[in-house]
Trainee: 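One structure is given below, represented as structure tokens, and several questions about it will come after.
Numbers restart at 1 for each chain; the letters A, B, ... are given by sequence-line order, proteins then strands.
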Protein chains: 2
Amino acid sequence: MRLTSKGRYAVMALVDLARFNNINPVSLRDISLRQGISLDYLEQIFSKLRKKEIVQSVRGTQGGYILNKRAKEIKLTNIFEAVDEKVKTVQCKKDSKKGCNGKLTKCLTHNLWDELENHINNFFDEKSLEDLVKDNNERRV
Amino acid sequence: MRLTSKGRYAVMALVDLARFNNINPVSLRDISLRQGISLDYLEQIFSKLRKKEIVQSVRGTQGGYILNKRAKEIKLTNIFEAVDEKVKTVQCKKDSKKGCNGKLTKCLTHNLWDELENHINNFFDEKSLEDLVKDNNERRV
DNA sequence: TATAAACCCGACTAAAATAGTCAAGTATCA
DNA sequence: TGATACTTGACTATTTTAGTCGGGTTTATA
């Protein structure tokens, strides 16, 4: 099991963005430099974040992105969903040959993966962007 | 983030094995048929489980595998570790250019991934093979 | 003692996913 | 009008995954 870079980058970039928010739009170029993430890749990621209304874009010079909601209201779940990073455990539904979708007796561990998914998602549901920014400021002091 | 088949298969196979334990060794061929997992792939997986002393092998005709410990003592953590399925979140240590290993100011989200890892590992630490077998028997009734 | 069942081991490979890159735009400010 | 920055979609190299394949060795049993 691994978390992909896309998800990590999305969170890193948004924490970066959240710190500068309410002042001016932040350009991807700046985030790219500060966080060491490829600009082109960031553009892909922010395109998704914008479509899911997590950020707003400001075009033109001095443009960039701003948060579209308060940091408190943006949960990690929302971020991961936006960039297609979801916890996948069982594939029972997709392919009728594998997994257990038809037969009641199969998939001895189905329940387990469900539980695990819930466990992880609870963690993501509870953490907001604000929490991360705060957490960061505290450690900085 | 996804859980790979190797980890899922390992758990499925061991639950299957645990149900028949204390009677005779169970052959991979049987597990392969019951669980729909490629025999060759199972052999790879069980080779790792054996090296980590989770199962014992019995060679020759009528051979197979048996658990090397009581089902209660085999935690999911042990299984995942054995098949190299671990929760990977941050790569800070490996590559000195990326991540945050040197610099104190980088990696705004380092703490987060640590927490997440702990959260998931707690789940795996608590679940034993016995729990899964029991859980299964209950639902079967 | 021959044979078949089963484990053992390492190399190979096809397919998918990931992590980007690249090119050609459009909008806006100064 | 030029520079900055977002927008979009196609392309691609690399890595990982999920196996396959071909050869072993061991051992019960007929």
Side-chain angles (χ1 to χ4, degrees), chain A residues 1-10 12-13 17 20 24-33 35-52 54-66 68 80 83-89 91 94-95 97-99, chain B residues 1-10 12-13 17 20 24-33 35-52 54-66 68 80 83-89 91 94-95 97-99:
Chain A
M1 174 161 14
R2 54 196 276 267
L3 196 69
T4 67
S5 287
K6 199 184 285 183
R8 274 190 291 122
Y9 288 172
M12 286 169 71
L17 180 56
F20 290 83
N24 283 313
V26 179
S27 72
L28 293 189
R29 190 170 162 279
D30 286 354
I31 295 178
S32 163
L33 290 173
Q35 304 302 328
I37 305 167
S38 137
L39 177 59
D40 284 312
Y41 203 28
L42 271 180
E43 282 177 347
Q44 279 185 39
I45 292 169
F46 272 76
S47 165
K48 295 185 179 202
L49 293 173
R50 188 173 53 85
K51 279 171 192 155
K52 290 296 166 69
I54 290 172
V55 295
Q56 264 187 340
S57 69
V58 178
R59 303 185 71 158
T61 325
Q62 308 296 348
Y65 287 92
I66 54 173
N68 197 29
F80 284 128
V83 298
D84 308 314
E85 178 99 318
K86 38 196 162 189
V87 182
K88 283 182 280 184
T89 53
Q91 273 101 337
K94 285 180 187 168
D95 177 32
K97 289 237 173 181
K98 298 197 174 180
Chain B
M1 176 164 11
R2 55 196 275 268
L3 196 69
T4 66
S5 287
K6 198 184 286 183
R8 273 191 291 122
Y9 288 170
M12 286 169 72
L17 180 55
F20 289 84
N24 283 313
V26 178
S27 73
L28 293 190
R29 190 171 162 280
D30 287 354
I31 295 178
S32 163
L33 290 172
Q35 304 302 327
I37 303 168
S38 140
L39 178 58
D40 284 311
Y41 202 29
L42 270 181
E43 283 180 346
Q44 280 184 40
I45 292 169
F46 271 75
S47 164
K48 295 185 179 205
L49 293 173
R50 188 173 53 84
K51 278 169 192 157
K52 290 296 166 73
I54 290 172
V55 295
Q56 263 187 339
S57 67
V58 179
R59 301 184 71 156
T61 325
Q62 308 297 347
Y65 287 92
I66 54 173
N68 198 29
F80 284 129
V83 299
D84 307 314
E85 179 99 319
K86 37 195 166 191
V87 183
K88 284 182 281 183
T89 52
Q91 273 103 336
K94 284 180 188 169
D95 177 32
K97 288 238 175 180
K98 296 194 175 182

Trainee: What's the CD-P distance between A:Q35 and C:dA19, to the nearest Å?
Mentor: 17 Å
Trainee: Should B:Y41 be listed as having a side-chain N or O under 4.0 Å from OP1 or OP2 of D:dT17?
Mentor: no
Trainee: Can you list the residues that meet the side chain to side chain contact (heavy atoms under 4.5 Å, CB included) rule with B:T61, with sequence neighbours excluded?
Mentor: none
Trainee: Start at the 5' end of DNA chain C and walk down; is the nucleotide closest to B:F46 or to A:L39 reached first?
Mentor: B:F46
Trainee: Could you work out, with side-chain hydrogen bond (donor to acceptor under 3.5 Å, both in side chains) as the rule, every residue matching A:S57, not counting sequence neighbours?
Mentor: none
Trainee: Take atom CG of A:L3 and atom C1' of C:dA19, then tell me their distance rounded to the nearest Å.
Mentor: 14 Å
Trainee: Can you give one letter per nucleotide of nucleotides 22-30 of chain D, going 5' to 3': B for a protein heavy atom under 4.0 Å from the base, S for sugar-phosphate only, - for none?
Mentor: --BBBBB--
Trainee: What is the distance from CZ of B:R2 to C1' of D:dT16, rounded to the nearest Å?
Mentor: 8 Å
Trainee: OP1 or OP2 of C:dA5 less than 4.0 angstrom from a side-chain nitrogen or oxygen of B:S27, does that happen here?
Mentor: no
Trainee: With sequence neighbours left out, what residues match A:S38 under side chain to side chain contact (heavy atoms under 4.5 Å, CB included)?
Mentor: A:D40, A:Y41
Trainee: Using the side-chain hydrogen bond (donor to acceptor under 3.5 Å, both in side chains) criterion, which residues pair with B:S32? Sequence neighbours excluded.
Mentor: none
Trainee: For A:L42 and D:dT4, what is the distance between atoms CG and C1' respectively, to the nearest whole Å?
Mentor: 16 Å
Trainee: Suppose we screen for salt bridge (Lys or Arg N to Asp or Glu O under 4.0 Å). Which residues come up paired with B:K48, at least two apart in sequence or across chains?
Mentor: B:D84
Trainee: Once you apply a heavy-atom cut-off of 4.0 Å, does B:S47 come out as touching a base, just sugar-phosphate, or nothing?
Mentor: nothing
Trainee: Separation of B:I45 atom CD1 from C:dC7 atom P, in whole Å?
Mentor: 14 Å
Trainee: How long is the line joining CZ of A:R8 and C1' of C:dG20, in whole Å?
Mentor: 14 Å
Trainee: Tell me whether the OP1 or OP2 atom of C:dC8 has a side-chain N or O from B:S57 closer than 4.0 Å.
Mentor: yes
Trainee: Could you check A:R50 against A:G63 and say which one's nearest nucleotide on DNA chain D is further toward the 5' end?
Mentor: A:G63
Trainee: Given atom NZ of B:K86 and atom P of D:dT16, what is their separation to the nearest angstrom?
Mentor: 12 Å
Trainee: Identify, between A:Y65 and A:Q44, the residue whose nearest nucleotide on DNA chain D lies closer to the 5' end.
Mentor: A:Y65
Trainee: Between A:S5 and A:R8, is any side-chain donor less than 3.5 angstrom from a side-chain acceptor?
Mentor: yes
Trainee: Considering heavy-atom distances to DNA chain C, does A:T4 or B:L28 have its closest nucleotide positioned more toward the 5' end?
Mentor: B:L28
Trainee: Taking only the side-chain nitrogens and oxygens of A:S5, find out if one of them lies under 4.0 Å from OP1 or OP2 of C:dA19.
Mentor: yes
Trainee: For B:Q56 and C:dA6, what is the distance between atoms CD and C1' respectively, to the nearest whole Å?
Mentor: 16 Å
Trainee: Starting at CD1 of A:I31, measure out to CZ of A:F20 and round the result to the nearest 0.5 Å.
Mentor: 9.0 Å
